[in-house]
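Read the structure below first, then the notes.
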4 protein chains.
Amino acid sequence: MQFTSDKAIYLQIKQLVMEKILREEWPADAKIPSVREFGSDIEVNPNTVMRAYDILQQDKIIYNKRGLGFFVSPDAIEIIKRERKQEFIHTDLPLLFKTMELLKIELNEIIQHYNDYKS
Amino acid sequence: MQFTSDKAIYLQIKQLVMEKILREEWPADAKIPSVREFGSDIEVNPNTVMRAYDILQQDKIIYNKRGLGFFVSPDAIEIIKRERKQEFIHTDLPLLFKTMELLKIELNEIIQHYNDYKS
Amino acid sequence: MQFTSDKAIYLQIKQLVMEKILREEWPADAKIPSVREFGSDIEVNPNTVMRAYDILQQDKIIYNKRGLGFFVSPDAIEIIKRERKQEFIHTDLPLLFKTMELLKIELNEIIQHYNDYKS
Amino acid sequence: MQFTSDKAIYLQIKQLVMEKILREEWPADAKIPSVREFGSDIEVNPNTVMRAYDILQQDKIIYNKRGLGFFVSPDAIEIIKRERKQEFIHTDLPLLFKTMELLKIELNEIIQHYNDYKS
DNA sequence: GTGGTCTAGACCACC
DNA sequence: GTGGTCTAGACCACA
């Protein structure tokens, strides 16, 4: 696993976990790797993994059973999608449209790129 | 002027200046505010404004006449557009499409939001 | 049975047992469930239940007959009440009063809530 | 400054800060000590102080100006009181009443202790 | 000067 | 074995 240096590692780990959940690699109520195990997998200090797990727990995306480990929350996917969609619609899209305006890019061009991407 | 705290202020200032140029609020060869003036306008330390101007000058988006101040470069718009368009197409768009995929958002929805935005 | 994750489970079990005794659900000299039975009831590892029973035995709230199981001590209620009352008066109440002071809550309001609670 | 060992230090620091704000030792928009300064004051590692500040910032009780430090949020007192009152009414009080019931303590006795406390 | 991140290593309670 | 807390020390970007 390689990390970009322009974003905090613990945030990238958070992202990584959420993607694994979305892809159902880690299904609901499944145990996720312990902080030590995951840390050694991706070559990151367990404390840093812990920080990511901590936030994920606050967001109710994972939960903890004392002495056993962290588990995927039953409604994790729903929560993640809800959060991300909010951000997408209220932050990402407006930014996209504003940039399009400034650069005088038409919608057609976006659609063109989209079709290229899908194929 | 309010700044987001999750991005360096000097970068937000740089962004702001580029937008003003793109919108032709500050046309080619026009004098832009001095670091002190602009700094007090937006309630930011002049040093921080200077840092933004420095980078803009390196990018040849503005130029300096000693003792007179900073001025918009004649080909500023062209430079900005070239830079931003690269980033837009090769970084922003792919990221957007990836998010759409994960959230199962169709292109139709984007078009819908776009029309809402334009009106 | 659900447990809060912010307190040790064995302590929550201890609490639970003491409440059952105080409510006389488990009267004096009655046999209480075996660690295995109780553990499977509340979905907790028998070792953890054992740890709670151990402490309860040390406190002389329950006693053990080898090969037969654990039983409620004749003076269990008295012991529990003595312990808890000390803690209640010298720890819980002062803390409560301090909070009331900080939040500017008057005694009247407490009495009001008490009446609501009783009805 | 001394800390109880039965509660995480960073939580006690959070508590301490909130009390200083409630007592208006640190008024609205005032700068609070830097993590290093406060850490050396109370003889705690700056990282631990940071953890407390982090949570306080999430709760919008303090805010950050990049490169300058942390400041008391204008509506900090209101937020703290709201939070604490919720907890008081929905957690502390029900627990109090339940304990009173179990220990067969009457309201009179509480009132008695309250008067003793006030004098 | 300020926060923010990360590591390494320690110690603890809990299951 | 698991999480959770804390320290010490390092490095960085930012104002």
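So you know, we letter chains A, B, ... as the sequences are listed, proteins then strands, and number each from 1.
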Taking donor-acceptor contacts at under 3.5 Å, does the side chain of D:R36 reach the base of E:dG1? no
State whether the distance check finds a donor on one side and an acceptor on the other, under 3.5 Å, for side chain A:N47 versus base E:dG9. yes
Would you say A:T48 reaches E:dC6's phosphate, i.e. side-chain N/O to OP1/OP2 under 4.0 Å? no
Starting at atom CD1 of C:I42, determine the distance to atom P of E:dC15, rounded to an integer number of angstrom. 11 Å
Any donor-acceptor pair under 3.5 Å linking the side chain of C:D59 with the backbone of C:I61? no
Of C:N45 and D:G67, whose closest DNA chain E nucleotide lies nearer the 5' terminus? D:G67
Separation of atom CD in D:E37 from atom P in E:dT2, rounded to whole Å: 7 Å
Provide the Watson-Crick or G-U wobble partner of E:dT5, both distances under 3.5 Å; none if there is no partner. F:dA10
Between F:dG3 and A:R66, is there an OP1 or OP2 to side-chain N/O distance shorter than 4.0 Å? no
Got a donor-acceptor contact below 3.5 angstrom from the C:Q12 side chain to the C:K7 backbone? yes
Counting heavy atoms from C-beta on, name the nucleotide in E:dC15, F:dA15, F:dG4 closest to the side chain of A:N64. F:dG4
Counting neighbours of NZ on B:K31 that are heavy atoms of other residues, nucleotides or ligands and sit closer than 6.0 Å, is the number greater than 12? yes
Mind checking C:V44 for me? I need base, sugar-phosphate or nothing, with any heavy atom below 4.0 Å counting as a touch. nothing
Can you tell me if CZ on C:R36 sees more than 12 non-hydrogen neighbours from other groups inside 6.0 Å? no
Toward the 5' end of DNA chain F, which comes first, B:K7 or A:M50, by nearest nucleotide? A:M50
Please step through side chain to side chain contact (heavy atoms under 4.5 Å, CB included) for the pair B:V44 and B:F38, ending with a clear verdict. CA-CA 8 Å; B:V44 156; B:F38 200 36; over 6 Å; no
Starting at CZ of A:R51 and ending at P of F:dC6, how long is that distance when rounded to a whole Å? 15 Å
Which nucleotide wins on minimum distance to the side chain of A:I9, given the candidates E:dC6, E:dC15, F:dG4? E:dC6
Just how far, in rounded Å, is C1' of F:dA13 from CG of B:D54? 16 Å
Atom-pair distance (CD1 on D:I13; C1' on F:dT7), nearest Å: 13 Å
Give the rounded distance in Å between these two atoms: CZ of A:F70 and P of E:dC14. 17 Å
Between C1' on E:dC15 and NZ on A:K65, what's the gap in Å once rounded to a whole number? 12 Å
Walking DNA chain E from its 5' end, the first of D:G69 and A:L11 to be reached, judged by nearest nucleotide, is D:G69
Measure OH/A:Y10 against P/E:dT5 and give the value in whole Å, please. 4 Å
